[in-house]
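In listed order, ligands and their atoms are each counted from 1.
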Amino acid sequence: MRQPLVAGNWKLNGSLASTRELLAGIKAGLEGVTNAEVAVCPPYILIPEAQAQLTGSPIAWGGQNLSSETGGAFTGEIAASMLLDFGCKYVLVGHSERRTLYGEDNALVAKKFAVAREAGLVPILCVGETLEERQQGITEEIVGGQLAAVIDQEGVAALGDAVVAYEPVWAIGTGMTASPEQAQAVHAFIRAQVAQHDVGIADGLRILYGGSMKPGNAAELMAQNDIDGGLIGGAALKADDFLAICKAAN
Ligand code: 13P
């Protein structure tokens, strides 16, 4: 049995005050959510506040990104060991905004994935196609290539303690969600690709869906066989919405 995971990706949002309020709201409303795991990924500078508020709670926290380097002259970067030092369990790797806006390619994403694991963080590897790629019929080629970059470099065993998130780029922040059938098809494809290397790892791998997941569509998406939770953007910024999704996963 795969334990569902609902992770909030706050992106570049939040202040110290709003973080306090949001985390207090999530903590207060999470009673009864015992079957699903819950995590939040605030901006780096708000991670100490998450640690202060969430230590001792069932809610985990993580980073949205990390450096591919472990230390040295890399101005503006944050190392995996620093995230770990502040109690992070998870770190997003290869989010589509990192890939498209900051030029992260498959090789860099694979390196970040490796660095995260070596430090003891659980990477959440984000994959997904653009609208153009979907219309060209190359979704599997794109997603498969993003996944293969990590498997080829790190070996399939590296996915044994990682999470994958399928986030169709065209569904992120657009209100345009993949239908449960569209999402399930890609999730099944991802699991099958991993199974070609190792059936046991494929069976245990949590594959989250991300892209305009909301209280109104979360249950239907997460009812699909291969959808094991969600990576939530906009709806993770409102305690009520995020809690409703956590309850749907539960
Ligand atoms: P939205 O939920 O705002 O579409 O964002 C999804 C996402 O990018 C999570 O990482």
Side-chain angles (χ1 to χ4, degrees), residues 4-14 18-19 22 26 36-44 46-47 50 59-66 83 88-102 104 109 112-113 116 121-131 133-134 139 142-143 146-147 150 162-180 182-183 186-187 190 206-222 224 227-249:
L5 169 64
V6 177
N9 173 11
W10 294 8
K11 308 191 180 185
L12 184 53
N13 295 292
S18 72
T19 295
L22 180 53
I26 296 171
E37 194 187 353
V38 175
V40 293
C41 298
Y44 287 139
L46 295 169
I47 286 174
I59 305 167
W61 59 95
Q64 298 173 13
N65 181 30
L66 79 165
L83 294 175
C88 288
K89 176 174 180 185
Y90 292 103
V91 64
L92 306 184
V93 175
H95 190 278
S96 72
E97 286 148 21
R98 300 297 319 170
R99 293 178 188 264
T100 56
L101 302 174
Y102 298 95
E104 295 194 8
V109 170
K112 289 188 173 193
F113 182 97
L121 295 165
V122 178
I124 300 177
L125 172 68
C126 303
V127 297
E129 82 289 1
T130 63
L131 185 59
E133 289 161 347
R134 175 162 283 265
T139 296
I142 295 299
V143 170
Q146 291 168 337
L147 193 60
V150 168
V163 175
V164 171
Y166 169 57
E167 298 204 307
V169 178
W170 48 272
I172 294 178
T174 58
M176 218 162 75
T177 319
S179 69
Q182 279 175 321
V186 180
H187 282 235
I190 291 169
R206 291 188 291 182
I207 309 174
L208 316 183
Y209 170 80
S212 299
M213 194 185 263
K214 304 257 179 310
N217 60 26
E220 204 187 354
L221 282 159
M222 291 190 289
Q224 303 298 311
I227 302 185
D228 308 309
L231 183 55
I232 321 299
L237 299 172
K238 290 189 202 125
D240 288 351
D241 285 357
F242 189 63
L243 285 165
I245 296 170
C246 294
K247 283 172 187 158

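Side-chain polar atoms of Gln146 and Tyr166 form no donor-acceptor pair below 3.5 angstrom. A donor and an acceptor atom, one from each side chain of Gln64 and His95, are nowhere located under 3.5 Å apart.
Among all protein heavy atoms, the one lying closest to atom 2 (O) of ligand 1 is Gly233 N, 2.9 Å. Shortest contact from atom 7 (C) of ligand 1 to any protein heavy atom: Glu167 OE2, 3.1 Å.
Residues satisfying the side chain to side chain contact (heavy atoms under 4.5 Å, CB included) test with Lys247, not counting sequence neighbours, are Val33.
Heavy-atom proximity to Gly211, at under 4.0 Å, picks out these atoms of ligand 1: 4 (O), 6 (C). Counting the atoms of ligand 1 from 1 in the order shown, those under 4.0 Å from a heavy atom of Gly234 are 1 (P), 2 (O), 3 (O). The atoms of ligand 1 that sit less than 4.0 Å from any heavy atom of Ala171 are 4 (O). The ligand atoms of ligand 1 that sit less than 4.0 angstrom from a heavy atom of Gly173 are 1 (P), 3 (O), 4 (O).
Using a non-hydrogen distance threshold of 4.0 Å, Lys11 registers as a contact of ligand 1.
Checked by atom type and distance alone, the side chain of Asp241 never pairs as donor or acceptor with a backbone atom of Lys238 at under 3.5 Å. With hydrogens and angles disregarded, no donor-acceptor distance shorter than 3.5 Å links the side chain of Asp228 to the backbone of Tyr209.
The closest side-chain heavy-atom distance from Pro42 to Thr19 is not below 4.5 Å. Inter-residue side-chain proximity for Val91 and Ile124 is flagged as unmet; no heavy-atom pair is nearer than 4.5 Å.
Geometrically, ligand 1 and Ser212 share a nitrogen or oxygen pair separated by less than 3.5 Å. Between Leu231 and ligand 1, not a single N/O pair is under 3.5 Å apart.
Under the 4.0 Å criterion applied to side-chain N and carboxylate O atoms, Glu167 and Arg99 are not assigned as salt-bridge partners.
By the criterion of a heavy-atom distance under 4.0 Å, neither the backbone nor the side chain of Cys126 is placed next to ligand 1. By the criterion of a heavy-atom distance under 4.0 Å, both the backbone and the side chain of Ile172 are placed next to ligand 1.
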